[in-house]
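One structure below.
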Amino acid sequence: MEGNIFQPYLHAESIFRENRDVLRPSYIPDSLPHRERQINQLASVLATALRGAAPSNVMIFGKTGTGKTAVVKYVGHEFRRADIEDRVEYFYINCEIVDTPYGVFQNVGNRFIQDFDERIPFTGLSTERVYNLLRRKIDDAARVVVIALDEIDKLVYKSGDDVLYHLTKINDDLHQAKVSLIGISNDLKFTEFLDPRVKSRLSDEKMVFPPYNAKELGDILEQRAQLAFDPGVIEEGVIPLIAALAAQEHGDARRALDLLRVSGELADRKGRNHITEVMVQRAKNKLELDLVIEAVRSLPTHSKLILLGIILQQEVGIAKLTTGEVYDTYSQLCRRAGLGPLTQRRVTDLISELDMLGLINAKVKSFGRGGRTKEIQSSVSAPDVKRILNRDEVLRELRSYRPKVQTTLI
DNA sequence: TGTCCACTGGAAGGGAGGGCTT
DNA sequence: AAGCCCTCCCTTCCAGTGGACA
């Protein structure tokens, strides 16, 4: 053991108490400060269903980090604690992960199937059949089924409102069971895309979660800090600072907790036993960079090539590019890398994706006779991104590549 | 006022990859 | 083994468009 590389870490003191997960967004504490009203409202809607009345569906709106998911999961925990499992089945699906009709039906259905051999396979059956299977299983279970669909707008955006159409009218086909839906979305306008019937059924009840203000964020941080750290670890001024930073970003509690957690981790790594305001600033930078690194790293090869093309152009002094220019550079890079380039139509979509990820800035702009196209700019630090891209096998070959500088004659 | 550029972004569809059913 | 089904990633085709310029 002597001289072992892990030796120094084995006895290192951590400023965290045993469980730092209390600072992760997935952790649901015993109480949710400043969301009592929403919890009660949701509980009262669902309680109606418990008494055997027709269950209302609920739509919950609110920006990221306003506690939507936490409230919905919290109420789910309370159901479980209330010991009414013979009457209520409550579950939660994140539609960003499960984003197809088949996937939703399969997911819900499988919760009612204990026997492994009978489980609905992840592919192979027709969607219609999976729906029928699901309906039978729910009815057999003969209880109130509450299905929470988080990021429901992603599901509708990707697969249309077919799933919701089925799920909102499933009660007509059930004899012993009842289904109630909770839809969670950060996009207030998404219901405009729904079939009017689905729309009215889905939002029997509507709740809007306001952003937290700095004081409320402070309370939330205070609550979690007490769970995560010993008293006195956090210097005065740290929590107000984090609360203020997060309040600037539309009152995002998730971000506030991330900042606190990462600040703690930075303090740990430096072997300090206090969290200071300086560490919060560092944590802020680290979080921002980590986000970019992760986004770039997990990009598909062709998207990486597009991004690399944009960055290289920028390095030779061309800041603003059109789709055509990006496509040209991208095609050259593809050839260098020995890959067949995708069509320009496909690249347009990939550019839009990069824009949505915040890695580039793409605005549609008309140049009159010069045509109508996107004006594209990278919005991340070029050296950072290049370093990450260089780790990719395919792209490493292109390290020496320099784009041709357009010799525009004036 | 109309023209025309360089795309944009919707629609349809192909085919590969997964897997079930008969 | 043949026939289906669903999803993902692309391609092909194309009508539509904001605004500088003639």
Side-chain angles (χ1 to χ4, degrees), chain A residues 93-110 113 115-137 149 151-152 154-167 189-190 192-195 298-307 309-310 313 318 320-335 337-357 360-377 392 394 406 408-410:
Chain A
I93 293 179
N94 187 336
C95 300
E96 191 161 26
I97 299 160
V98 183
D99 60 358
T100 62
Y102 188 100
V104 171
F105 293 151
Q106 185 231 4
N107 239 271
V108 178
N110 274 340
I113 301 174
D115 192 340
F116 190 80
D117 295 333
E118 282 182 34
R119 302 202 111 208
I120 304 171
F122 76 91
T123 176
L125 304 179
S126 72
T127 310
E128 197 58 31
R129 233 183 111 181
V130 177
Y131 171 74
N132 287 325
L133 217 61
L134 152 85
R135 190 174 44 93
R136 254 207 337 272
K137 287 293 174 187
L149 297 170
E151 316 231 19
I152 194 171
K154 302 266 164 55
L155 178 66
V156 174
Y157 172 69
K158 260 210 71 182
S159 320
D161 55 7
D162 258 24
V163 204
L164 299 182
Y165 180 79
H166 275 97
L167 285 179
K189 284 178 296 176
F190 103 97
E192 285 168 21
F193 304 107
L194 297 175
D195 180 306
S298 55
L299 245 30
T301 304
H302 285 281
S303 297
K304 282 182 181 165
L305 285 167
I306 294 168
L307 182 59
I310 295 169
Q313 296 262 69
I318 313 164
K320 293 180 176 176
L321 302 157
T322 65
T323 301
E325 286 161 351
V326 170
Y327 187 71
D328 283 346
T329 321
Y330 156 80
S331 305
Q332 289 172 35
L333 286 172
C334 276
R335 251 169 265 129
L339 291 168
L342 301 172
T343 56
Q344 183 159 331
R345 178 66 186 86
R346 179 67 187 138
V347 170
T348 306
D349 281 345
L350 295 181
I351 287 174
S352 299
E353 277 173 31
L354 289 174
D355 183 32
M356 286 213 295
L357 285 169
I360 63 171
N361 231 307
K363 275 200 309 270
V364 178
K365 193 174 168 186
S366 178
F367 295 88
R369 279 246 156 138
R372 191 168 163 271
T373 177
K374 282 196 178 107
E375 192 178 69
I376 301 160
Q377 258 177 301
D392 190 294
V394 183
Q406 305 278 336
T408 21
L409 300 172
I410 310 161

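Please read all numbers here as calculations on a predicted model, not as lab measurements.
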Do any N or O atoms from the side chain of [X] and from the backbone of [Y] form a donor-acceptor pair under 3.5 angstrom?
X      : Y      : value
A/Y165 : A/D195 : no
A/E151 : A/N94  : no
A/N110 : A/I120 : yes
A/E325 : A/T322 : yes
A/T348 : A/Q344 : yes

Starting at atom [atom1] of [X], determine the distance to atom [atom2] of [N], rounded to an integer number of angstrom.
X      : N      : atom1 : atom2 : result
A/Y327 : B/dC7  : OH    : P     : 12 Å
A/K363 : B/dG9  : NZ    : C1'   : 19 Å
A/Q106 : B/dC20 : CD    : C1'   : 13 Å
A/E353 : B/dG9  : CD    : P     : 13 Å
A/L342 : C/dC8  : CG    : P     : 18 Å
A/L125 : C/dG3  : CG    : C1'   : 14 Å
A/Y102 : B/dC20 : OH    : P     : 8 Å
A/R119 : B/dG19 : CZ    : C1'   : 17 Å

Can a side chain N or O of [X] be found less than 4.0 Å away from OP1 or OP2 on [N]?
X      : N     : result
A/T348 : B/dT8 : yes
A/K374 : B/dG9 : yes
A/T322 : B/dA6 : no
A/T100 : C/dT7 : yes
A/T373 : B/dT8 : yes
A/K158 : C/dC8 : yes

NA contact type, A/P101, heavy-atom cut-off 4.0 Å: base, sugar-phosphate, or nothing?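 Sugar-phosphate, no base atom in range.
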Looking only at the side chain of [X] (C-beta and beyond, no hydrogens), which of the listed nucleotides [options] gets closest?
X      : options               : answer
A/R129 : B/dT21, C/dC5, C/dG18 : B/dT21
A/T127 : C/dC6, B/dC4, B/dG19  : C/dC6
A/F122 : C/dT7, B/dG18, B/dG2  : B/dG18
A/S126 : C/dC8, B/dG18, C/dC5  : C/dC5

Distance from A/E375 atom CD to A/K363 atom NZ, nearest 0.5 Å? 5.5 Å
Within the sub-3.5 Å range, which N or O atoms of nucleotides 12-16 of chain C have a protein N or O partner, and how far apart are they?
none

Would you call A/E118 and A/K137 a salt bridge, using N to O less than 4.0 angstrom? yes
Under a 3.5 Å threshold, yes or no: a donor from one side chain and an acceptor from the other, between A/S352 and A/K374?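 Side-chain D/A pair, A/S352 to A/K374: present.
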For the side chain of A/T123 and the base of B/dG18, is some donor closer than 3.5 Å to an acceptor across the two?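 Such a pair exists between side chain and base.
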Whichever of A/F367 and A/I376 has the more 5' nearest nucleotide on DNA chain B, that residue is A/F367
